[in-house]
Each structure stands twice: as structure tokens, then as C-alpha cells.
Protein chains: 2
Amino acid sequence: MAGASDPLLSLEHFMPYRLNRAAETVSRRFAAIYRRHSGLTRPEWRALATLGQYGCLTATDIGRHSAMHKTKVSRAVQALEDRRWLKRQTDSEDRRVEHLTLTALGQKNYRALAQLALDFERRLRETLGPELFDQLNAGLEAFEEA
Amino acid sequence: MAGASDPLLSLEHFMPYRLNRAAETVSRRFAAIYRRHSGLTRPEWRALATLGQYGCLTATDIGRHSAMHKTKVSRAVQALEDRRWLKRQTDSEDRRVEHLTLTALGQKNYRALAQLALDFERRLRETLGPELFDQLNAGLEAFEEA
DNA sequence: AATGGATTGTTACGTTTGCAACAAATATAC
DNA sequence: GTATATTTGTTGCAAACGTAACAATCCATT
């Protein structure tokens with residue numbers, strides 16, 4: 001009888017599994033929100049949010065900040081450019097580099113989406129309860145440092 | 001000047017973003033381990049781990065437990081069957097249903113991989129420090145309940 | 001200034017993914 | 001008992017993905 005006579009590993013208590021499930025759930029719910037609002041994909045939202053926060057970055061910068069593969073960034077930037085939400089400006093000293101900034105339209109949409117994000121997080125905090133939310137945050141912060 | 005004059009949203013402190021980064025990092029590192037060990041993909045590992053823990057499940061069960069799309073499950077099961085790591089047995093009463101169990105070979109490999117998983121988690125706990133690790137776990141548990 | 005090596009961003013290609021349609025079997029309603 | 005709906009698992013297809021190769025540019029060593 002093949003079986004779970006003595007399961008060596010309990011997935012439900014396995015940290016990578018837990019992290020993934022939580023991240024997936026949160027990410028998918030939030031993605032549904034901004035997808036409905038403006039039809040952005042996840043890479044596009046990430047690029048927009050990074051640019052909105054930092055103002056002017058190169059594609060490489062965006063990749064570093066948002067931990068996205070450079071081809072993902074390249075395609076997201078292209079999509080945002082097609083929407084006229086950002087503009088490129090080649091560096092005058094290093095012509096490989098393109099400086100990316102949000103257009104007025106892009107900023108307007110960024111503000112709306114950032115507000116959605118904050119609302120979402122606030123609801124998440126309420127659902128979880130402030131103590132546990134902060135606890136989770138502290139754990140994640142520790143993780144980032146290590 | 002387009003800019004981050006007053007960034008509405010700090011991605012680094014945004015919970016969904018944090019969760020994703022942590023999950024991605026952990027998941028990728030662990031995936032590298034079992035990929036090197038036995039060449040399993042992530043869906044295949046998940047199906048194997050779920051079966052190893054619960055003994056005998058249907059494809060739908062695996063999907064529910066591991067939060068995978070049913071096509072992903074279908075393909076992972078196929079791959080594991082090709083390796084002779086699991087066998088199917090159609091239910092005698094409901095012939096749509098297939099009961100999946102690990103073969104002896106599958107169980108052997110499951111045990112080895114489960115051990116890798118436990119080792120990985122132990123190292124993770126050491127890296128993070130037990131207090132923060134447990135804190136993170138508590139936060140994730142709360143999340144699962146909500 | 002010239003050759004070799006790095007870096008920036010895009011493109012080509014094979015793989016993986018999820019949605020939708022599907023066949024097969026069962027359950028439900030009339 | 002037949003028709004309709006639901007469930008289980010697979011497959012076709014188009015979109016998204018990452019690896020690798022690439023062109024363009026810059027830097028370093030000579």
C-alpha cells in the first residue's frame with residue numbers, strides 16, 4: 001500500500017510552500033484589481049510602480065528594483081510606451097542607456113493605481129489584524145536582510 | 001520634470017510586493033536543489049510532495065491541495081507516470097476518477113526529496129534566526145486562516 | 001587608436017502557461 | 001427513461017516566459 005503512513009514532510013507547514021501560497025493569493029487578488037481598472041499586466045504594473053516611485057530610471061534599474069528579468073522589463077516598458085504612459089530619453093553621454101520617465105498621463109494613472117494599492121493593503125491589514133500584519137511584515141523584512 | 005517628488009507608494013514596504021519577492025527567492029533556490037537532484041519541475045515536485053504526504057489522491061485533490069491549475073496537474077501527473085513514479089487506478093464506481101499513488105520507486109525518490117526539503121528549511125531557519133522564522137510562520141498561518 | 005571585454009537593451013526561439021473547448025462519465029430533473 | 005447539467009481529466013491554441021544570441025555602445029589594456 002503506497003501511502004502516507006508517516007509523511008516525512010507536511011506541506012502545510014513547509015515554509016516555501018506557505019510563502020508561495022500566500023504570495024500567489026495576494027498577488028492574484030491585487031492583479032485582478034488593477035487589471036480591471038486599467039488592463040495592466042503584472043510586469044507592466046511593476047514597472048509603472050517602480051517608475052512612479054523613483055521618477056527616472058533605466059530599464060536595468062527597474063529590473064534590479066523589481067527583480068524582473070530584463071526581457072520582461074523590456075516588454076513592459078514597450079507596452080507602457082505604446083500607451084504613452086512613459087517616454088524614453090537616450091543618455092547624451094552613454095548612448096546605450098535610456099532614461100525612462102512617466103508622462104503626465106502615466107503619472108495620472110500611477111496615482112490612481114497607487115491609491116488602489118494602498119486601499120488594498122489597508123483592507124489586508126484589517127483582515128489579518130494589525131498585530132499579525134506587523135508580525136508578518138517584520139518576518140519579511142528580516143528575510144530581505146538575510 | 002516627471003518624478004518621485006512625493007512617491008505615493010513605497011514598493012519596498014508594500015506587502016504584496018514583499019511577499020512576492022520572498023516567495024520567489026525561496027522558491028527559486030529550493031527549486032534549484034531538487035532540480036539538480038532529480039530534474040523535477042516545480043509542478044512535478046508539488047504533485048509528488050502532495051502524493052507523498054497524502055498517499056492516494058485524485059488529480060482534482062492534488063490541484064486543490066497545491067493550488068495548481070488542473071492542466072498543470074494533468075501534465076505533472078503525466079510526467080511522473082512516465083518516470084514510473086506513480087500509477088493510476090481508475091475508480092471502479094466512478095470511471096471518470098483516477099486514484100493516484102506513488103510506486104515504490106516514487107516513494108523512494110519522495111523520501112530523498114522530502115529530506116532535501118527539510119534540510120533546506122532548517123538552513124532557512126538558521127539563516128533567519130528562530131525567533132523571526134517563527135514570527136514569519138505565525139504571520140503566514142494567520143494569513144491562511146483569513 | 002586598436003583589440004578584447006563589459007554592459008545595455010532588443011529579438012528569436014523553444015518551453016511553459018492558462019483559457020477554452022472537449023470527450024467521457026455521472027448526477028439531476030422532469 | 002430520456003434530456004440536461006455537472007464533474008473529471010485531457011488537448012488545442014495563443015499568450016507569456018526565460019535562455020541564449022545579438023547589435024550597439026562603452027571601457028580597459030596595450
Side-chain angles (χ1 to χ4, degrees), chain A residues 20-21 23-25 27-29 31-32 34-36 39-48 50-51 54 56-83 86-101, chain B residues 20-21 23-25 27-32 34-36 39-48 50-51 54 56-82 86-101:
Chain A
N20 252 311
R21 270 188 72 94
E24 269 280 319
T25 308
S27 197
R28 200 173 30 213
R29 285 195 199 165
Y34 59 70
R35 190 165 182 272
R36 190 171 56 244
L40 285 186
T41 68
R42 211 149 46 143
E44 285 159 23
W45 149 253
R46 285 192 186 178
L48 177 73
T50 310
L51 272 177
Y54 292 103
C56 178
L57 297 172
T58 69
T60 307
D61 292 335
I62 295 182
R64 187 164 24 243
H65 275 291
S66 59
M68 282 195 291
H69 196 268
K70 61 179 180 174
T71 61
K72 252 190 195 171
V73 176
S74 175
R75 285 153 184 158
V77 166
Q78 183 90 40
L80 291 176
E81 191 189 23
D82 291 346
R83 285 178 182 243
L86 69 76
K87 56 178 188 294
R88 310 162 116 114
Q89 190 173 4
T90 21
D91 188 301
S92 52
E93 302 195 344
D94 185 343
R95 285 163 49 198
R96 293 170 304 183
V97 176
E98 290 182 321
H99 297 285
L100 308 169
T101 52
Chain B
N20 250 312
R21 270 186 73 93
E24 268 281 318
T25 309
S27 198
R28 201 172 29 212
R29 285 195 198 166
F30 181 46
Y34 59 70
R35 189 164 182 272
R36 191 170 55 244
L40 285 185
T41 68
R42 212 153 22 153
E44 286 158 23
W45 150 252
R46 284 192 188 178
L48 177 73
T50 311
L51 271 178
Y54 291 102
C56 179
L57 297 172
T58 69
T60 307
D61 292 335
I62 295 182
R64 185 162 28 241
H65 273 292
S66 58
M68 283 195 291
H69 196 268
K70 62 178 179 173
T71 61
K72 249 189 195 173
V73 176
S74 174
R75 284 152 182 159
V77 166
Q78 183 91 39
L80 292 177
E81 191 188 23
D82 291 346
L86 69 77
K87 55 177 188 297
R88 312 162 114 112
Q89 190 172 5
T90 21
D91 188 300
S92 52
E93 302 194 344
D94 185 342
R95 285 162 51 197
R96 294 171 301 183
V97 177
E98 290 182 321
H99 297 286
L100 309 170
T101 51

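Each chain gets a letter, A, B and so on, in the order its sequence line appears, and its residues count up from 1.
- In the set D:dA24, C:dT26, D:dG18, the nucleotide with an atom closest to the side chain of A:Arg96 is D:dA24.
- Whole-Å rounding puts the B:Asp82 CG to D:dT10 P distance at 12 Å.
- At the phosphate of C:dG18, OP1 or OP2 sits under 4.0 Å from a side-chain N or O atom of B:Lys72.
- Residue-level contact check: A:Glu44 touches neither bases nor backbone, having no heavy atom under 4.0 Å from any strand.
- Between the CZ atom of A:Arg42 and the P atom of D:dA16 there is a distance of 13 Å, given to the nearest Å.
- The interatomic distance linking B:Glu93 (CD) with D:dT8 (P) rounds to 15 Å, in whole Å.
- Atom NE2 in A:His69 sits about 14 Å away from atom C1' in C:dC13, given to the nearest Å.
- Nearest to the side-chain atoms of A:Glu98 among the listed nucleotides C:dT10, D:dC17, D:dT8 stands C:dT10.
- Nearest to the side chain of A:Arg75, among D:dG9, C:dC13, D:dG12, sits C:dC13.
- Between A:Met68 and A:Ala47, the closest heavy-atom pair is CE-N, 4.1 Å.
- Between B:His99 and B:Cys56, the closest heavy-atom pair is CB-SG, 3.8 Å.
- The distance from atom CG of B:Asp61 to atom P of D:dT8 is 9 Å, rounded to the nearest whole Å.
- We find that NZ of B:Lys70 is positioned 12 Å from C1' of C:dA23, with the value rounded to whole Å.
- Both B:Ser92 and B:Thr41 lie near DNA chain C, and the one whose nearest nucleotide falls closer to the 5' end is B:Thr41.
- Here A:Thr71 does not reach the OP1 or OP2 of C:dT10: none of its side-chain N or O atoms lies under 4.0 Å away.
- Residue B:Arg95 has its side chain nearest to C:dA25 when only C:dA25, C:dT11, D:dC26 are considered.
- Applying the side chain to side chain donor-acceptor pair (under 3.5 Å) criterion to A:Thr90, with sequence neighbours excluded, gives no partner residue.
- Rounding to whole angstrom units, CG of residue A:Leu86 and P of C:dG9 are separated by 13 Å.
- Residue B:Ser74 places no side-chain N or O under 4.0 Å from the OP1 or OP2 atom of D:dG9.
- Other residues, nucleotides and ligands contribute more than 12 heavy atoms inside 6.0 Å of the CZ atom of A:Arg83.
- Atom CZ in A:Arg35 sits about 11 Å away from atom C1' in C:dC19, given to the nearest Å.
- Close to D:dT10, at under 4.0 Å from its OP1 or OP2, lies a side-chain N or O of B:Arg88.
- By the neighbour-count criterion of 12 heavy atoms within 6.0 Å, atom CZ of A:Arg29 is sparsely surrounded, having that number or fewer from other residues, nucleotides or ligands.
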